[in-house]
Protein chains: 4
Amino acid sequence: MGAVKTKRMPRAVREQQMLDAAVRTFGQRGYMAASMDEIAELAGVSKPLVYLYLNSKEDLFTACIRREAKALTEAVRAGARPGLPADRQLWSGLAAFFTHTARHPDGWAVLHLQARTHGEVFAAEVAAMRTEIVAFVTQLILEAAREAHRDPDLPEREVSGLAEALVGAAEALADWANATPGVTARQSAATLMNFAWAGLGNLMEGRHWTPPDDEAGVGAGEAQTGRTSPVR
Amino acid sequence: MGAVKTKRMPRAVREQQMLDAAVRTFGQRGYMAASMDEIAELAGVSKPLVYLYLNSKEDLFTACIRREAKALTEAVRAGARPGLPADRQLWSGLAAFFTHTARHPDGWAVLHLQARTHGEVFAAEVAAMRTEIVAFVTQLILEAAREAHRDPDLPEREVSGLAEALVGAAEALADWANATPGVTARQSAATLMNFAWAGLGNLMEGRHWTPPDDEAGVGAGEAQTGRTSPVR
Amino acid sequence: MGAVKTKRMPRAVREQQMLDAAVRTFGQRGYMAASMDEIAELAGVSKPLVYLYLNSKEDLFTACIRREAKALTEAVRAGARPGLPADRQLWSGLAAFFTHTARHPDGWAVLHLQARTHGEVFAAEVAAMRTEIVAFVTQLILEAAREAHRDPDLPEREVSGLAEALVGAAEALADWANATPGVTARQSAATLMNFAWAGLGNLMEGRHWTPPDDEAGVGAGEAQTGRTSPVR
Amino acid sequence: MGAVKTKRMPRAVREQQMLDAAVRTFGQRGYMAASMDEIAELAGVSKPLVYLYLNSKEDLFTACIRREAKALTEAVRAGARPGLPADRQLWSGLAAFFTHTARHPDGWAVLHLQARTHGEVFAAEVAAMRTEIVAFVTQLILEAAREAHRDPDLPEREVSGLAEALVGAAEALADWANATPGVTARQSAATLMNFAWAGLGNLMEGRHWTPPDDEAGVGAGEAQTGRTSPVR
DNA sequence: TATGAATGAGTTTTCATTCAT
DNA sequence: CATGAATGAAAACTCATTCAT
């Protein structure tokens, strides 16, 4: 099943077939539940060949993560054409992001769900990609501020937090959209722009939402639902 | 190792110790990589006892999810005291959320990372909790609109999307805060309020961000980074 | 479940309850599949008490075998009243046998199925009972020959073989009757008498069925259905 | 231990070796007491290979039953050449049966002892074989009646009972012969023919052994050896 | 290049059995 | 007399990984 069993293909092609099979299997079954047997069969190859080309399950998974991460970042970068005003860039970058995650659900699952849940090594791999995207978005925010002729006296960390939140919201929306039939990429992008843009605008103009000083007991009072040991 | 090896405790106590050990192990190693052996040892008990009380790895995991989900929702609800204006409720709910996730990183990992990646059954369990929280936030948004004497003609789905995005952003920020030393719960909450509140305000007043009509090629152009099979 | 949970019974009674539960469980589940937990619960006692009274699973099983074997032999002996002519004794002994096995299917299963399949020790225990019954039947055959004023020049071993065959047939019929609704003990007994009596009569009168001398290849030619090693 | 450890054999061969080891182990230890570890070691293979080829303990056991059942039926059918008069057929079939069970004691134990005591599924498997053999014997009985020009007005169920008894006797004799050194297959066969043939002859001629009408108390009087609960 | 044959090491799970009260 | 609490030991099964061809 899967790819038609043709003999003697060039290595590069075979490798892609294996990665296809692996992404699909990892995405659907999860990293640990996916067996090399299943992947090999889906790729239409024998198991030793998989090992010959990809070395080990870990390496195979890493290869999947890298390929999918690259595809996703490239899709986003390709979407957000420089030259446009910052808000337009953000919009089209988001649209490209949602389009891509919708078209490659298994790849998205690998990146967003699997890679982050199975060991530091893999998590670091996606973290790199995420960092890149967050940086990109941060860039856009600052650029937008510049375009609006506002001196961005937003503190460094705050801007990072904002970008982080924006990206996090995008990720959540991507999951939500993938699980909710009938939601288009454009709708998701619009929702997010609506949600975020005005807030950003306000911030750039120095209008912050101010937390009340006195928050007697915020975070205190912990409803102790039976936990025994202190916390960790 | 782990809990001090005290003999002959009443069942209820032992069960909590086991859950503590399990949450910690599942949170750190992941569901599949966590072995019952390790959990038992960390709990200071023999494996058969774990099975006697918690039945199976699946049941144990479910029990963890339930306990942590309950603790988290209760923390949030306890934080967001009704009676306050909606924005204050949102703020304090968020603060409680970030406080809780920071204090219980393993519990948070179980809920946010592990439960969602290891089978529909577990995913459903957290989905329920998430739905509850999203509903709560949706409530708050509508209430805020009412308080602002704005006719909330926001379409149903849009509000859902907003709440979804807000919660998603909160989740991402929680991860980020846990990974970035020195970020306090209040800071995270403030960032998110800043990010979201003005946007929400605009929306409530009917000022939408309008996507450009013509987006020739949005989502097209897929950077083909070597994928072989069509897409799936 | 099972016996009503009454406290503080004399030891003898409790022991019988345990044996009842054990026979039932062993008979239905099989020796190995029966768990001490299940037996204890069915007996309405705690597991340690079972161990206190019966020592171990092996001892418990042995106790079951002994009790059931005793009950069966006594039933048969009680059925075959001495004083009657030999054929009538055989008949009524058989009837008693079929009646008992029909009334105590679990006990019969313990003796005939379980005890013989789970280790030499248990097998020896039933073998003793079986030997006793076979001896009894042998007795009856010889007596019958005497009654018929036939000099029993039947060779020792042949008589043993006959008794063995008769008992074996009875056992098979007991199983068959237990599995076939509507077959009464008297029917089974009659079938067996019909089957055996005339043959015995012939033998006693010296009329043997003579095997053909030349049996070229009897038992040879073994259809070799794939067996690898010689035979054992 | 066991088969010589030769590496890299074709699958079919290894499978037979495994079945050999399994039959031996199951026959001697019993189904439940036999461990896959022991079987694998005896077969000179690692456990995973056993699972790879035979799937599970249940499947392995079923495969054993099937192989041994096939071998036994084929041996019997090959022994009882059609064309001979019915008594000769019966004789040579029996001889073949006793020869086979004597040569393959473990196979016989698997079929006669183990398969019938460890779950309906396995029992059904041998039941099928037994049914086949009983039918074969029934055939022979009717044929014999025809040959003797006797109108076989033997009632259906009675003939079944007879065949059942005959087969049961044969089974018991096989066990007995296996346990008693020095008993040959021909002796067993002769014993059984002597036991049965004249009786069958009588029956076919309508001479039944008639049970006494009045059997006051047959089956009653149950020697109550301590049973507590009613009976079941 | 490609694979059928094979395994070491580990997993979850179960059970007879025993303390301490 | 009776039991809730606890475990050592082993069983079935799986999987990533590697030879030998």
Side-chain angles (χ1 to χ4, degrees), chain A residues 5 7-11 14 32-40 44-61, chain B residues 5-11 13-15 32-40 44-60, chain C residues 5 7-11 14 32-40 44-61, chain D residues 5-11 13-15 32-40 44-60:
Chain A
K5 197 162 190 169
K7 298 227 153 183
R8 306 268 153 186
M9 306 216 172
R11 171 161 180 157
R14 272 276 146 94
M32 303 228 70
S35 83
M36 294 299 272
D37 267 301
E38 191 179 357
I39 293 172
V45 217
S46 76
K47 232 186 322 173
L49 200 59
V50 178
Y51 278 88
L52 189 62
Y53 284 176
L54 275 316
N55 266 327
S56 72
K57 197 185 187 184
E58 290 203 0
D59 284 7
L60 173 56
F61 192 46
Chain B
K5 197 159 188 169
T6 323
K7 298 229 148 180
R8 307 264 146 187
M9 337 253 285
R11 173 168 181 155
V13 177
R14 271 278 193 266
E15 266 186 22
M32 302 224 73
S35 85
M36 295 299 273
D37 265 306
E38 192 181 355
I39 293 172
V45 208
S46 75
K47 229 187 325 170
L49 201 58
V50 179
Y51 278 89
L52 189 61
Y53 288 173
L54 276 316
N55 279 326
S56 72
K57 197 182 186 183
E58 290 204 359
D59 282 9
L60 174 57
Chain C
K5 199 162 188 169
K7 299 227 152 182
R8 306 269 155 184
M9 306 216 173
R11 169 160 183 160
R14 272 273 146 94
M32 303 228 71
S35 85
M36 294 299 272
D37 267 301
E38 192 180 355
I39 293 172
V45 217
S46 77
K47 233 188 322 173
L49 200 58
V50 178
Y51 278 88
L52 189 62
Y53 285 176
L54 275 320
N55 266 325
S56 72
K57 197 184 188 185
E58 290 204 358
D59 283 8
L60 174 57
F61 193 45
Chain D
K5 195 157 190 171
T6 322
K7 298 232 148 179
R8 305 266 145 186
M9 338 253 286
R11 172 167 181 156
V13 176
R14 270 278 139 88
E15 266 186 22
M32 303 224 73
S35 87
M36 295 299 272
D37 265 304
E38 190 181 356
I39 293 172
V45 208
S46 74
K47 224 189 329 172
L49 201 59
V50 178
Y51 278 91
L52 189 61
Y53 287 173
L54 275 316
N55 280 324
S56 71
K57 197 182 186 183
E58 290 203 359
D59 282 9
L60 174 56

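By convention in this document, chain letters (A, B, ...) are assigned in the order of the sequence lines, proteins followed by strands, and residues within each chain are numbered from 1.
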Judged by nearest nucleotide, the residue sitting upstream toward the 5' end of DNA chain E, Tyr51(C) or Pro10(D), is Pro10(D)

For Tyr53(D) and dC13(F), what is the distance between atoms OH and P respectively, to the nearest whole Å?
19 Å

Earlier contact from the 5' end, DNA chain E, for Asn55(C) and Leu49(D)
Leu49(D)

Atom CD of Glu38(D) and atom P of dA12(F) are separated, to the nearest Å, by 10 Å

Contacts of Lys47(C) meeting side-chain hydrogen bond (donor to acceptor under 3.5 Å, both in side chains) (sequence neighbours excluded), chain-then-number -> Asp37(C)

Point-to-point distance, once rounded to the nearest 0.5 Å, from CG of Leu60(D) to CE of Met36(D):
5.0 Å

What does the 5'-to-3' dot-bracket notation of DNA chain E look like when only Watson-Crick and G-U wobble pairs under 3.5 Å count, and pairs to other strands show as |?
.||||||||||||||||||||

Once you round it to whole Å, what is the distance between C1' of dT13(E) and CG of Leu60(B)?
13 Å

Here the distance between atom P of dA16(F) and atom CD1 of Ile39(A), to the nearest Å, is 8 Å

Where do Asp59(D) and Leu54(D) come nearest, in terms of heavy atoms and distance?
CB-O, 3.1 Å

Spacing of Leu52(B) atom CG relative to dT12(E) atom P, expressed in whole Å:
18 Å

Under 4.0 Å between a side-chain N/O of Arg14(A) and OP1 or OP2 of dA2(E), yes or no?
yes

Between Arg14(C) and Val45(C), what is the shortest heavy-atom contact and its length?
CD-CG1, 4.2 Å

Looking only at heavy atoms, the pair that brings Ser46(B) and Ala40(B) closest together is C-CB, 4.0 Å

What nitrogen or oxygen pairs link the protein and nucleotides 8-11 of chain E at under 3.5 Å?
none

Just how far, in rounded Å, is C1' of dA16(F) from CZ of Phe61(A)?
16 Å

Which is true for Arg11(B) with a 4.0 Å heavy-atom rule: it touches a base, it touches only sugar-phosphate, or it touches nothing?
sugar-phosphate

Between dA20(F) (P) and Met9(D) (CE): distance, integer Å
16 Å

Would you compute the distance between atom OH of Tyr51(A) and atom NZ of Lys57(A) and round it to the nearest 0.5 angstrom?
8.0 Å

Closest to side chain of Val45(A), choosing from dT3(F), dT3(E), dA5(F)
dT3(E)

Specify the separation, in whole Å, of atom CG of Leu54(B) and atom P of dA6(F).
13 Å

